[in-house]
Each structure stands twice: as C-alpha cells, then as structure tokens.
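Because the structure is predicted, anything quoted here is derived from the model rather than measured. Convention: sequence-line order gives letters A, B, ...; per-chain numbering from 1.
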2 protein chains.
Amino acid sequence: MTGIRALADSLNISIGTVSRALNGKPGVNPETRDRVLKMAQETGYVANAAGRNLRKGLTNTIGMVIGTGPAAAKGDNNFFMAVTDAMQRAMLERGVDLILLPCHAAMDPLAFLQRTLQRGSIDGLVLTATLEQDPRIAMLEASHLPFITLGRSRTPGNYAWMDLDFEGAARQSVARLAELGHRRIAIGIPKGQANLSALYLESWRQQMQAEGLSPSDDLLFVDDFTEAGGAQVAARLLDQADRPTAILMCSEPMISGFCGGLLGAGVQPGADVSVIGFRQSPLLRHLAPPISCFDMDLDALGEDMAKAILGLVYDADNALHITRAISPMTYVETASVQPLR
Amino acid sequence: MTGIRALADSLNISIGTVSRALNGKPGVNPETRDRVLKMAQETGYVANAAGRNLRKGLTNTIGMVIGTGPAAAKGDNNFFMAVTDAMQRAMLERGVDLILLPCHAAMDPLAFLQRTLQRGSIDGLVLTATLEQDPRIAMLEASHLPFITLGRSRTPGNYAWMDLDFEGAARQSVARLAELGHRRIAIGIPKGQANLSALYLESWRQQMQAEGLSPSDDLLFVDDFTEAGGAQVAARLLDQADRPTAILMCSEPMISGFCGGLLGAGVQPGADVSVIGFRQSPLLRHLAPPISCFDMDLDALGEDMAKAILGLVYDADNALHITRAISPMTYVETASVQPLR
DNA sequence: CTGTTAGCGCCTTCAC
DNA sequence: GTGAAGGCGCTAACAG
C-alpha cells in the first residue's frame, strides 16, 4: 500500500476525497479537508509526480536548455547563474520547478530537443543561445509546447522572446568612441551563427556609417569565443600598420584574452587602445583599468522571463499577447575608454 | 491515438511487441524489431516519461542539488560547470539524463529535498556543498534513494562520497610556506558550517604544530564567502602590529577580494604577503602576480562521480563497495609565494 | 459531501 | 514470436 491510497486508508476515507482535499477542489467538508492536510503534513506525503503527470498531462516543471561543453566550462557562466536564479525564485511562488537541461556541445541540439519534447516531462521550455537561423525554433513551434527564447532569431515565426540590447550597446559604443575622436573603431565578435553577434555587428556597421566612418573589413575581427580567440584578435590588431585606436567586443572571454594580449605586448588598454565590452564578468575583475561595460538588471530579466513562460503555459487564455522585450542597459565608462590622442 | 499505441497501429502489430522491440528485450523477430526501430526513428517516437516512470518506478534521470542565490550568482560557478559537464557526458553514454536542481538560498534546503524526493522524478541524487553536520544526509538515507555527496560530512552514516583534498592543500601550503621561512602563516575561511572549511582549518592547525609554529587565534580569519569578506580579511590582517607574512585561503571570491584589498592598500601579494589559494578561478585571471593554487582534474572528478552514482542506482548488485574517494591535486607555485625577507 | 471507477502511457506476465 | 490484459498512482467524472 502506497501513496494516496495509504493516506486514504489511514484516515478511513476514499482516495477521491483525499485527492480533492489535497488539490483544493471545492465540495469537501472543511473538517475532512483539515484532517487530510494534517495527515499529509505529518507523513510527508506528496503526490507522485509520474502518476499526476500521466493523469493531468502537466508536470509543473519548466525546462531550460543551456549549452555546455569545454568552452562553456572554461568561460564564466555567471550570466546564466544570475538569470536562472531570478527565474527560479519567481517560479517557486507559483509552485513550478525550473530544471536545467544541459545540452553538451558534442550532442546534436536538435536530437536533444526532440528527445526532451517527446519525453513529456516539462510543461514549457526556455531556449537560450539562439542562432540567426535556428531549426530548434521550428521544431518547438511544431511541437505545440509553449516556449520562450532568451535571444531573438531571424527564424520566422510567432514566438515569444526576450533579449539584451546588443544593437543599443554597439550603437552607444561607437557613438561614444567617435565623440572622443576615434575614427578607426574596430569590432570583435565570436565565430559562429549566434544571433547576438549578427545584431552587434550590424549595429556597429550602421553607427559607423552614421558617424561618417568606414566600417571596413580590416576593422572586423572574428575569432573563437574564448580567451585564446581574444588574444588572437589582439595580435592581429597590433599587427596592422594603421592600427585601430578603439575596439568593442561583446564576448567577455574574448575581452579578457584581448586585454591580456595587449598587456603582454606592452600596450595599455585605455591609454593606447580604448576598449568597450558588453557585460561585466569575473574574468575582467582585476584588469587595470577596469573595462567600460553595460550594466543590466539580470534579476529583472529573469523575473520577466519566468512571468512570460508561466503565462504562456498556465494562463494561456489570458496570455493574449506574445512577449517580445529587450532588456535595457546602462553604459558605465571607465578609464578603458579615453580620447584619441 | 498517441504514443506507443499509434506506433503499434501504424505497423499493424501489438503494443507489447513494440515495447519489447524498443527496449531490446529478447524474443522478438529480428525483422520485426528492425521495422519497429525504423518507424520509431522516422516518427521521432520516444517513450513518454510519465508512463514509463509510473510502470517501472525509474526515470533514467539523476538529480543534482546545487545552491543558488545572490552569493552564488555573483561568484564564479565555474567549478560546478566543469564537474557537471563531465558528469553529463558520462551519463549520456548510459542513456541517463542529469538534471540540476537549484535550491535557492532563501528556501529551506530540507523542505526542498523532501519535496524533490517525494515527487519521485529522479532515480538518484548528487548532493553538493555538504555541511559538517548535514541533516539532508539523514533524510536521504531514510528515503532509500541512492545518493552520493560531493564533499564529506561529519554526519554519521554509510553513504558514498567524493571530495577534494582540502587537508592536503592546507598541509602542503603550510609546509611550503614554512620551508620558505614564514612563521606567521594565516588562514582565511568562509563563515558557515561548510565541511570543507572545517577540514581546511583543522589541517592548517595540525601542520602548523608539526612545523613547530603556533596556530594562534590572531592568524585565523573567518569572514563572508564573498569578495567583500576577503577584503575584510585583508583590512584586518594589515591592521595587526605583528602582521602575518603569508596566508592560505580556500575560497576564490575571498582570495580575489583579499588581493584587491592588499593592492588597494599598496601591499603587494607575493612580495609583501605570500598568498596561496585553492583553485584557479576566472576571478583571479588578471591578478598580478598570478596566485599559487592547486591544479585538479575536474573532468576526471565528474566522470568518477557519474560512475559512482550510476553504479549505485542501476547496478546496485555489483556496487558492493561504497565509493569514498579524494580527488588528487597538484600544487602550482607562482610569484604569489616568496621567501620571507 | 463522499465513494467508486475509468483511464492517462507504458511494461510485463501470461496465454497462445 | 506475438497478442491480450493488468496495473503502476493519480485525478476527474459520475453515482449516490
């Protein structure tokens, strides 16, 4: 004898009544309800997840796909920690669990997603690290599982997303550097199809032109999303005859490696080459000078993400409009940005 | 019509045969088996988790409890990323999923664990951040859910664990510093009941005495497990008349804050105060000089953890002996450690 | 207000 | 080698 049946027997009532009492359904004698609740508390009874899931088709669980692998393990994953932390807090209030679904770099992301969907163990999904063209989005739309992406995509479709302001960051960075007299303003972005890189790059191009500057190819540095990649960028930049005097980069590991590369060559970030990053990171903690970055409220972002997916999953009727929001950021300047000498 | 029944119908065979074919059970015509497998592949069929779980009482999922919260979000969680990455890879080979169960600092860890256990959605558990006296361990033993802890505990019981060599680190650190002539060798540990702190502290005491040095109270600094805590330690240390000439600290955020504190006061890590940390961290990336730390193979640790819990859960018959292992580390010295002048 | 019962999707035992 | 049927724990619909 186990589960709800044991509980019912110990109270000499039927499992139906127990279930109703536990689930707050109407039509139960208040006294009976109290007895059930008390006994459940005492015995530590909680409904078996599989049984409930099988019956209701709901698991009270939201999944979040995150990429792992050698690169992720080496980098600083502080961004996801902060966001998931806030998300979880918001979900907990609704009795919903957040589980992280690590998709290793060596796995096929589509197969992983397919398997995850078919298993039926989550009610909704948060997709991260979106690509410019992301086949996972089409798969999710076809699956009818509610989802939201952290990061936009060019993939067509009527899905919910939230994102950081990569265009705004690039625009403000270029504008500020131009204001300080810089003309050869370079940009460093990671290899790969990440949508954020495309947005950042495109915005740099546009703002360069708006400033009357040329976004020429020798100002564009594409390399690995790692410190080594950033160091490569530094080496190639220092190699140029008409060396860029400033650079913006949206990857923290690359910024770290880049500054390391500069310093190793006796070139000072700030004094010799102005540097603007995207977000603060533990990796940049002891760089001198500190790096100019954008401040953002990841707590608020996480909370908004949670609200969006919870609404989509559990209040589908009310969720008439699809969330599409760009989280605001504030530029914080340090001595890593200086006027052109 | 859904699930296994739809698959069976589309092949004009019974669901029993489909199930046997899919699960590699004997007694299925090879040709039939191929047809089933092929169709499953094509349609992307995967057994529904709730149905299978309900029937078998197994979910092919291992949970891992990790602590989250403001402190965790600010710190560098690179350690867990590396370990879980390796664990997941090893589990995937066995068709087992690893899910992370974030337990927020604001939640009662015992209630969280209780709820997790009762939900019945995992076959085994990995517990992290063990305390000297950890009530979660008693709860797990009573639950009969197989588990392994990452980190020992003084809590009695016959459970499996793996851990890092905190005693070895403290012992080697003190021995090396003593060898270089240091006599006032301080130690900094985080507040709280974490078992690792107790081990580290006790080993420092023993080795100090073994070196004929006094582990006096003014050499012991206990503060928050944060950069601010580390900065506090620096301030208090610099304040002493008979200032310690060396320190060991097992918390990376504290080391980071400590070195920041020293530098802010114009005191050089290494040249003025020798510093030995525990593990390398993004937070220490651009400190000059780099900090002497211990190298460890987190990949191997993660793989061993995975093997241990998988054995416990799915090969209980063969797992006659309980895993209890301390992962080896290698001291890597830098200019943050220098002879006493 | 409470008891009884069907059935969610799957695996396994028992017939054949 | 295959089909039929029971039941894992739970909730909801239906009786009483």
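At a threshold of 4.0 Å, the pair A/D163-A/R324 does not count as salt-bridged, since none of the basic side-chain nitrogens sits closer than that to a carboxylate oxygen. Between B/K38 and B/E42 there is a salt bridge, since a side-chain N of the basic residue sits under 4.0 Å from a carboxylate O of the acidic one.
Spacing between atom CG of A/N53 and atom C1' of D/dC8 amounts to 14 Å, rounded to whole angstrom units. Straight-line distance from the CZ atom of A/R52 to the P atom of D/dC8: 19 Å, rounded to whole Å. Taking atom CG on A/N60 and atom P on D/dT11, their separation rounds to 11 Å, with Å as the unit. A/R5 has its CZ atom 10 Å from the C1' atom of D/dC10, to the nearest Å. The nearest whole Å value for the distance from the CG atom in A/D9 to the P atom in D/dG9 is 13 Å. Regarding B/R20, its CZ atom lies at a distance of 10 Å from the C1' atom of D/dA4, rounded to whole Å. Rounding to whole angstrom units, CZ of residue B/R55 and C1' of D/dA5 are separated by 11 Å. If you take CG of B/D34 and C1' of D/dG1, they are 15 Å apart, rounded to a whole angstrom.
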Inset, instruction - Please test B/E93 against B/R89 for salt bridge (Lys or Arg N to Asp or Glu O under 4.0 Å), starting from the C-alpha separation and ending with a verdict. - result: CA-CA 7 Å; B/E93 291 171 12; B/R89 204 167 30 218; over 6 Å; no
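You'll find that the side chain of A/K56 is closest to D/dT11, out of D/dT11, D/dG9, D/dC8. In the set D/dT11, D/dC8, D/dG1, D/dT11 carries the atom at the smallest distance from any side-chain atom of A/I15.
Neither side chain, B/S19 nor B/R52, offers a donor N or O lying under 3.5 Å from an acceptor on the other. No side-chain N or O of A/S153 forms a donor-acceptor pair with one of A/N195 less than 3.5 Å apart.
Nucleotides of DNA chain C nearest to B/K25 and A/V28 differ in position, and the one nearer the 5' end is that of A/V28.
At D/dG9, one or more side-chain N or O atoms of A/T2 fall inside 4.0 Å of OP1 or OP2 (strictly under the cut-off). For the OP1/OP2 pair of D/dT2 and a distance below 4.0 Å, the side-chain nitrogens and oxygens of B/T17 include no atom meeting the criterion. Between D/dG9 and A/Y45, no contact under 4.0 Å exists linking OP1 or OP2 to a side-chain N or O.
Taking a 6.0 Å sphere around CD of A/Q133, one finds it holds more than 12 heavy atoms contributed by other residues, nucleotides or ligands.
Nucleic acid contact for A/G3: sugar-phosphate only, since backbone atoms but no base atoms lie under 4.0 Å from a heavy atom of the residue. Note on A/G27: a base of the nucleic acid sits closer than 4.0 angstrom, heavy atoms only. Within 4.0 Å (heavy atoms only), B/A50 reaches no atom of the nucleic acid at all.
Boundaries of the chain B contact region on DNA chain C are C/dG9 to C/dT13, first to last in 5' to 3' order (nucleotide atom under 4.0 Å from a heavy atom).
Here the closest non-hydrogen pair linking A/T155 and A/D134 is OG1-N, 2.7 Å.
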